[in-house]
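The structure appears below as structure tokens.
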Amino acid sequence: ASVALGIALALSCNAMAKDKDALQFPERAFSVETKTVESANGKHQIRYRAYRHIPYVAHPVSKEFQSLDVMVPVEVDGKPIDARHAPIVLNITVGGYLSASNTNPARRGPGPESLPPPGGAAMAGGESVPPPGAGPQGAGPAQAPRGGLPQQMGGNGSKADLALAAGYVVVTPGARGRDNKAEDGTYFGKAPAAIVDLKAAVRYVRHNTGRLPGNTEWIISAGCSAGGGLSALLGSSGDSPLYDKYLAQIGAAKASDRVFASACYSPITDLEHADLSYEWAFGPQAARTGKVDSALTAELSAANEAYQDSLGLQGRQDFGAVSGARLGSYLQQAYLQPAASRYLSALAATERDAYLQKNPWIHWDGQQARFAFADFASHLVRGKGQPAFDDFTLRAPETGLFGNRTNNARHFTEFSLRHATARGDAQLDAELRQLVDMMNPMYFIARKDAAQAKHWWLRTGSRDDGISPSVIVNLGTRLENHGKDVDTAFFWDGGHCADDDPQGMIDWIGRITG
Ligand code: DHB
């Protein structure tokens with residue numbers, strides 16, 4: 001009788017808990033699927049449980065965007081996998097700061113139509129910048145296969161598939177974005193909606209510890225471009241109280257939104273300083289060729305040097321301060337020359353000779369590539385308007401990110417606001433200023449009231465024309481200066497979201513959770 005009573009009690013407690021907990025992971029609601037995944041060491045047959053379209057907040061604004069998919073490997077090449085304690089990859093598919101949908105896969109990340117081409121913003125003098133790949137990119141291998149859009153983790157042979165093949169759990173959340181518009185014409189996905197949604201997804205996963213397979217202390221966020229920026233923000237702003245009211249509004253689970261590690265490919269981030277660093281990196285060459293206003297380039301570049309000084313970063317080994325005046329030489333010594341050296345070492349001698357012939361500014365001593373940063377910079381080709389992010393005509397994606405319910409786009413820097421309004425004393429309102437902070441990982445890294453991921457994997461291409469190469473290096477360096485384990489590298493001649501080593505991230509996850 002006492003056994004029966006115990007069972008009855010357990011059942012009714014369960015029922016009560018279920019009633020109260022709209023955010024319980026539906027453990028039995030999966031289908032079993034199979035796929036073939038091609039990795040560097042051949043093809044793998046994977047059987048996995050697929051849980052799809054699971055709402056991750058109690059009061060969704062939109063179930064289309066605020067739901068997630070969970071993939072749990074059960075068998076790889078006929079061998080059973082126990083993923084109950086596996087790392088959990090949070091696969092961020094946001095691109096262009098647009099919405100990402102889990103219900104409608106066609107709306108996951110930017111399609112070719114939905115993201116304005118780089119350079120879509122008006123150029124000084126009404127001239128437009130050639131689309132990526134249209135002009136000569138300097139000598140070197142063609143960039144075409146890399147494409148100009150983020151390589152999401154969701155496609156065939158993607159890192160999400162490689163993660164499954166490695167026995168990891170993959171959680172893919174949708175998120176609201178700057179394009180979301182309600183029937184009454186109001187916008188519902190402007191900043192900070194995307195990061196609030198991703199935090200809610202992390203909370204949902206942790207809230208379901210023991211129900212959702214995987215080790216919820218091993219959540220690793222990963223994304224590229226806008227998704228890389230959001231991954232960096234998840235990794236740097238864990239449990240910050242700034243987001244609490246937004247998370248409460250949508251009925252997010254009451255759990256920590258810290259992540260264990262963060263992988264960021266070509267992160268489009270540090271947005272309020274991105275115009276400065278963009279002119280510093282891409283301006284001089286474009287100004288020489290008359291493509292942009294050279295006075296504006298000079299003004300923004302000078303402001304970048306002051307900004308860089310204000311960061312007070314210390315370089316690796318004995319480099320010392322990464323000041324504005326020494327930023328180029330730090331990039332060159334610590335990241336660009338090593339990337340070129342890795343690239344050239346891997347080439348056959350005849351290919352290497354041909355490459356060096358076409359790029360006489362690179363000196364090869366048989367093991368290492370050497371060049372001046374100025375020579376590297378003069379071979380960069382600008383891909384965006386001027387200013388690149390907070391453009392004066394409010395057409396760049398980031399001005400749309402900082403819109404609000406009733407305005408599609410707003411200026412988010414005082415520089416562009418003043419320029420566009422011709423009012424030298426114009427100021428951003430306090431609320432917008434806080435939203436700008438809430439979208440910037442650099443803001444959180446030094447703060448005690450936000451948790452940072454322990455481990456970081458930062459990757460980009462040396463020819464990424466979407467953002468200055470200093471942005472990812474500053475992010476990594478600030479993290480290093482605060483004691484984090486950071487692995488930063490450039491893929492030589494790679495473009496935006498380049499990834500020459502997808503298995504590298506998978507192996508890194510294995511090491512940090514090993
Ligand atoms: C993305 C690309 C951009 O050039 C940009 O400004 C913002 C986002 C992207 O591909 O996600």
Side-chain angles (χ1 to χ4, degrees), residues 91-101 107-123 128-133 143 146-155 174-179 189-191 193-195 198 221-233 263-279 281-282 380-391 393-403 409 411-413 416 436 439-441 459-461 463-469 471-472 494-499:
N91 172 24
I92 302 172
T93 63
V94 174
Y97 285 106
L98 295 162
S99 59
S101 167
R107 299 203 54 191
R108 173 172 302 170
E113 273 80 51
S114 54
L115 185 64
M123 300 292 291
S128 87
V129 163
Q143 262 187 278
R146 298 179 190 275
L149 287 165
Q151 295 165 355
Q152 304 298 348
M153 285 181 61
R176 289 169 292 167
R178 64 181 167 91
D179 54 313
K190 304 297 187 182
I195 184 64
L198 295 176
S221 64
C224 124
S225 197
L230 289 165
S231 183
L233 196 48
C264 315
Y265 291 80
S266 303
I268 300 280
T269 195
D270 198 7
L271 299 175
E272 69 268 35
H273 304 108
D275 289 334
L276 316 184
S277 53
Y278 201 88
E279 288 314 309
F282 295 95
L380 289 176
V381 177
R382 188 179 184 108
K384 289 190 167 176
Q386 187 192 39
F389 294 88
D390 194 2
D391 75 296
T393 56
L394 293 173
R395 278 190 273 172
E398 290 71 19
T399 62
L401 171 67
F402 289 110
H411 288 297
F412 57 94
T413 66
S416 290
V436 170
M439 295 308 295
N440 194 341
R459 290 291 182 276
T460 193
R463 288 179 187 280
D464 180 0
D465 62 6
I467 196 150
S468 167
V471 171
I472 193 169
H496 190 54
C497 291
D499 188 4

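Counting starts at 1 for both ligands and their atoms, following the listed order.
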Between Glu279 and Arg382, does at least one N-O distance fall below 4.0 Å, as a salt bridge requires? yes
With heavy-atom distances below 4.0 Å as the criterion, list the atoms of ligand 1 near Lys384. 3 (C), 4 (O), 5 (C), 6 (O)
Polar-atom distance check: Tyr97 versus ligand 1, any N or O pair below 3.5 Å? no
Sub-4.5 Å side-chain heavy-atom contact between Tyr278 and Val471: no
Near Glu398 (heavy-atom distance under 4.0 Å), the atoms of ligand 1 are 5 (C), 6 (O), 7 (C)
Any N/O of Gly227 closer than 3.5 Å to an N/O of ligand 1? no
If you measure from the SG of Cys497 to the SG of Cys224, is it under 2.5 Å? yes
Where Phe389 and Gly466 come nearest, the two heavy atoms and their spacing: CZ-O, 3.1 Å
His496 neighbourhood, listing ligand 1 atoms whose heavy-atom distance to it stays under 4.0 Å: 2 (C), 10 (O)
Is there at least one pair of N or O atoms, one from Gly96 and one from ligand 1, spaced under 3.5 Å apart? yes
Element-labelled atoms of ligand 1 that are located less than 4.0 Å from some non-hydrogen atom of Gly95: 11 (O)
Can you check whether Lys384 reaches Asp391 side chain to side chain, under 4.5 Å on heavy atoms? no
Side chain proximity check, Ile195 to Met439, heavy atoms < 4.5 angstrom: yes
